[in-house]
Amino acid sequence: MFDKILIANRGEIACRVIETARAMGVRTVAVFSEADAGARHVAMADEAVPIGPPPPSESYLKGDLLIEVALRTGAQAIHPGYGFLSENPDFVAAVAAAGLAFIGPSADAIRAMGLKDAAKTLMEEAGVPVVPGYHGAEQDDALLAEKAGEIGYPVLIKAVAGGGGKGMRQVEAPGEFAQALASARSEAATAFGNSDVLVEKFIVKPRHIEVQVFGDGARAVHLFERDCSLQRRHQKVIEEAPAPGMTEEMRAAMGQAAVRAAEAIGYSGAGTVEFIVDASEGLRPDRFWFMEMNTRLQVEHPVTEAITGVDLVEWQLRVASGESLPMGQHELLITGHAFEARLYAEDVPKGFLPATGTLEHLAFPGDVRADTGVRSGDTISPFYDPMIAKLVVHGPTRAIALARLRQALARCEVAGTVTNLTFLGALARHPGFSAGDVDTGLIARDIDALVAEPVPQPVHWAQAALVITGLWPAQDAATGFTLWQPLARGVLLCHRGDEQRLTIRAMGPDRHEIETGDGTRVVARRQAGQWVLDGRPAAAFAEAAGAVTVFDAYGLRFERVDLLERAAGADGDGNVIEAPMPGMVRSMSAAPGQRVAAGDRLAVLEAMKMEHALVAARDGVVEEVLVAEGTQVEAGAALIRLAAEDAPAA
Ligand code: ADP
Ligand code: ADP
Ligand code: MG
């Protein structure tokens with residue numbers, strides 16, 4: 001076994017590899033870009049070496065530098081993780097040439113599977129069923145169109161060098177072929193520097209079922225299948241093992257085909273053979289076809305670990321250090337069912353836009369496997385994949401495992417960035433998915449229902465208001481308000497653009513009444529040290545400058561709206577200063593004809609037991625004072641009017 005290995009990756013997969021290495025007594029060297037100096041994988045490793053600026057091309061993709069660091073630190077092997085250099089045969093060859101071990105397959109095996117067209121031809125020769133289609137070298141547009149016609153529409157155009165769903169186009173009819181081909185080619189050229197494509201039959205009601213394989217260069221075994229049909233734009237969202245509805249007959253056929261594929265290229269290490277399955281008439285052994293092989297550890301490997309009890313990273317290290325396969329096919333068994341959900345920092349209502357942010361708070365349920373590369377206080381930067389964690393649950397049956405997934409998602413606490421938690425929660429409750437009736441079109445069909453955001457309830461607004469005004473937990477009598485006399489305080493909160501003005505009446509250290517924007521009253525009481533809102537135990541929460549996240553309904557974030565900022569900028573034309581809230585005009589220092597400068601204090605409003613200065617939003621001349629000192633005014637009442645500005649010069 002190695003004494004020390006270098007991990008040429010970052011984030012959760014780097015942490016994952018370090019955990020197993022540590023358990024095996026193998027020392028680890030982490031590498032990090034400038035953006036990752038304080039990252040979790042750096043803190044976890046025995047040593048960490050800086051490798052350059054944040055862009056991957058200047059750090060994590062610098063193969064020569066990584067090899068140099070491995071040699072310098074005395075590492076004997078390099079684990080590539082997934083993504084980055086993991087499927088780069090030139091890197092693998094360079095690692096070997098430097099006298100280091102690559103924890104993964106040979107450069108030749110990666111090359112054999114690197115291009116989808118060549119891989120398909122190879123697999124056909126090895127007797128593995130391949131999707132009907134054209135994957136020849138001839139790339140003439142007219143020929144491809146003719147082949148598409150022969151295959152029969154709908155067809156799928158794929159970049160031969162593709163990955164991550166890029167360079168892929170579904171074509172419904174001959175008239176759309178030329179345009180789809182052009183756009184697939186240009187996307188492929190940009191992403192992979194290779195515009196060659198293949199054309200294949202688009203499978204109706206497709207399911208993505210892949211088989212985990214493991215080889216030692218001579219023999220290979222499979223560790224059963226994973227169903228990755230829950231996809232959004234060809235990207236996996238929730239994966240599970242085993243596949244729902246899988247029969248022993250079909251599992252045996254797929255397992256054998258996958259092992260044949262691996263042995264055909266003398267595969268060593270962990271790999272995945274991806275199949276597309278036509279599920280229009282259930283799972284049938286003659287309805288699966290090879291799509292591609294991923295010659296690396298896969299993101300969703302934990303579901304396989306959960307049902308087999310095998311630590312795939314341990315196997316990777318053992319096989320790469322020269323051991324033969326740790327187990328034979330007959331020793332491998334499936335126990336129960338597992339799910340993995342990919343938790344991302346992304347803005348789902350904005351079209352799944354990748355998000356960034358500093359995690360003010362991050363906590364996962366203690367009884368769930370959460371593979372993560374970040375902690376509370378860490379930042380999701382724009383440079384890398386915005387994955388926060390993978391949540392992995394296991395149970396004796398699919399129904400129990402799925403119930404655990406729902407519970408795990410509901411108990412995740414993330415504050416400081418938007419996430420896809422609500423979306424994952426909706427998926428986990430989707431009736432079709434719950435019934436195991438999955439296909440790759442499920443998410444797209446029901447997207448509107450799946451992306452609906454929860455609406456906060458009055459108790460959530462009330463709890464946020466108490467926290468943000470410092471009344472949670474109740475302050476002592478000494479800190480400012482009298483207990484025997486109800487005091488009212490106001491606060492303006494905003495949740496995803498929805499504003500509510502709340503009034504809190506403190507009735508004592510153990511009781512508050514909160515009136516929400518729509519007039520609903522919520523009673524907060526402290527009972528045996530626990531806060532209860534309208535009879536319901538209060539949710540956990542996290543507070544950060546001017547914001548509070550209540551951990552219910554997958555996390556509801558409320559921000560305090562600054563009333564003074566609002567006062568200054570409220571009016572559309574900037575001519576009128578309005579009362580930002582109901583209150584009494586305590587003082588008025590403006591007088592008609594007075595010249596004022598932006599920021600000058602013109603009046604003081606007493607509202608909700610506090611004084612608020614009202615300032616001029618711009619330079620100008622007071623035209624009219626509309627209220628006198630001592631007047632009680634409503635929110636929005638016009639108090640002072642400035643003379644209209646001259647029309648800007650044309
Ligand atoms: P898996 O099948 O293991 O779930 P994914 O498609 O999710 O694989 O990709 C795994 C990782 O590799 C992701 O971080 C993704 O960004 C990266 N990746 C996959 N294919 C490519 C590619 N062609 N180019 C760049 N990165 C890729
Ligand atoms: P990538 O390299 O981007 O992962 P794949 O060839 O693995 O590309 O395909 C990604 C996804 O595209 C599959 O999981 C499946 O959802 C869909 N897909 C691929 N081939 C077909 C097909 N022939 N028919 C229907 N859907 C397909
Ligand atoms: Mg794929």
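As the structure lists them, so they are numbered: ligands from 1, and atoms in each ligand from 1.
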*Asks:* Can you tell me if Lys116 has a non-hydrogen atom under 4.0 Å from ligand 2?
*Replies:*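 A heavy atom of Lys116 does come that close to ligand 2.
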
*Asks:* State the atoms of ligand 2, each with its element, that fall below the 4.0 Å cut-off from a heavy-atom position in Glu292.
*Replies:*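 Those of ligand 2 that fall under 4.0 Å from Glu292 are 1 (P), 2 (O), 4 (O), 5 (P), 7 (O), 8 (O).
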
*Asks:* Heavy-atom distances under 4.0 Å decide this one: backbone, side chain, both or neither, for Leu156 against ligand 2?
*Replies:*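 Side chain only; the backbone of Leu156 stays clear of ligand 2.
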
*Asks:* Do Pro354 and Tyr344 have side chains that get closer than 4.5 Å, going by heavy atoms?
*Replies:*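 Heavy-atom side-chain distance check fails, nothing below 4.5 Å.
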
*Asks:* Decide whether an N or O pair under 3.5 Å exists between Pro206 and ligand 2.
*Replies:*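 Among all N and O atoms of Pro206, none is under 3.5 Å from an N or O of ligand 2.
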
*Asks:* Give the single entry among His234, Lys166, Arg233, Glu210 that approaches atom 17 (C) of ligand 2 most closely by any heavy atom.
*Replies:*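 Nearest heavy atom to atom 17 (C) of ligand 2 lies in His234.
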
*Asks:* Should you measure from each heavy atom of His208, which atoms of ligand 2 turn up under 4.0 Å away?
*Replies:*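 The list of qualifying atoms is 13 (C), 14 (O).
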
*Asks:* Got more than 12 heavy atoms from elsewhere within 6.0 Å of CD, Gln179?
*Replies:*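 Not more than 12 within 6.0 Å, no.
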
*Asks:* Angle at the Mg ion (ligand 3) between OE1 of Glu274 and OE2 of Glu292, to 10°?
*Replies:*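 Taking the Mg ion (ligand 3) as the apex, I get 90° for this pair.
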
*Asks:* Show your working on side-chain hydrogen bond (donor to acceptor under 3.5 Å, both in side chains) between Glu87 and Thr295 and close with a plain yes or no.
*Replies:* CA-CA 6 Å; Glu87 295 180 278; Thr295 50; 3.2 Å; yes

*Asks:* Which is it for Thr372 and Arg40 under the side-chain hydrogen bond (donor to acceptor under 3.5 Å, both in side chains) test, yes or no, and what are the steps along the way?
*Replies:* CA-CA 9 Å; Thr372 182; Arg40 182 167 184 257; 5.6 Å; no

*Asks:* Taking the basic N atoms (NZ, or NE/NH1/NH2) and the acidic carboxylate oxygens, is any pair closer than 4.0 Å for Lys120 and Asp117?
*Replies:*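 Asp117 and Lys120: not salt-bridged.
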
*Asks:* With a 4.0 Å heavy-atom cut-off (strictly under), which part of Lys158 contacts ligand 2: side chain, backbone, both or neither?
*Replies:*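 Only the side chain of Lys158 comes within reach of ligand 2.
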
*Asks:* Are any of the N/O atoms on Gly165, whether in the backbone or the side chain, positioned under 3.5 angstrom from an N/O atom of ligand 2?
*Replies:*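 Yes, there is a polar N/O contact under 3.5 Å.
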
*Asks:* Carefully, step by step, assess His135 and Glu200 under the rule side-chain hydrogen bond (donor to acceptor under 3.5 Å, both in side chains).
*Replies:* CA-CA 8 Å; His135 33 88; Glu200 64 185 32; over 6 Å; no

*Asks:* As a quick check of understanding, evaluate side-chain hydrogen bond (donor to acceptor under 3.5 Å, both in side chains) for Gln235 and Arg342, giving each step before the final call.
*Replies:* CA-CA 11 Å; Gln235 304 264 13; Arg342 300 188 187 194; 5.6 Å; no

*Asks:* Give the numbers and elements of all ligand 2 atoms closer than 4.0 Å to a heavy atom of Gln231.
*Replies:*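 Contacts of ligand 2 toward Gln231, numbered from 1: 11 (C), 13 (C), 14 (O), 15 (C), 16 (O).
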
*Asks:* Answer yes or no: does an N/O atom from Ile203 fall short of 3.5 Å to an N/O atom of ligand 2?
*Replies:*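 Between Ile203 and ligand 2 (N or O atoms, distance only) the closest approach is under 3.5 Å.
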
*Asks:* Any idea which atoms of ligand 2 are less than 4.0 Å away from a heavy-atom of Gly162?
*Replies:*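 Heavy-atom distances to Gly162 below 4.0 Å select 2 (O).
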
*Asks:* Find out whether Gln231 and Ile443 are in side-chain contact, i.e. whether some heavy atom of one side chain is under 4.5 Å from a heavy atom of the other.
*Replies:*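 They are not in side-chain contact.
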
*Asks:* So is Glu200 polar-close to ligand 2, meaning N/O to N/O under 3.5 Å?
*Replies:*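 Yes, there is a polar N/O contact under 3.5 Å.
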
*Asks:* Kindly confirm or rule out a cation-pi arrangement of Arg398 over Phe433, judged by NZ or CZ under 6.0 Å from the six-membered ring centre and within 45° of its axis?
*Replies:*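 Ring-cation test returns yes.
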
*Asks:* Which of the atoms in ligand 2, numbered in the order shown and given with their element, are less than 4.0 Å from a heavy-atom of Thr440?
*Replies:*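 Within the 4.0 Å cut-off of Thr440, ligand 2 contributes 16 (O).
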
*Asks:* Lys236: heavy atom below 4.0 Å from ligand 2, yes or no?
*Replies:*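 Judged by the 4.0 Å heavy-atom criterion, Lys236 does not count as contacting ligand 2.
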
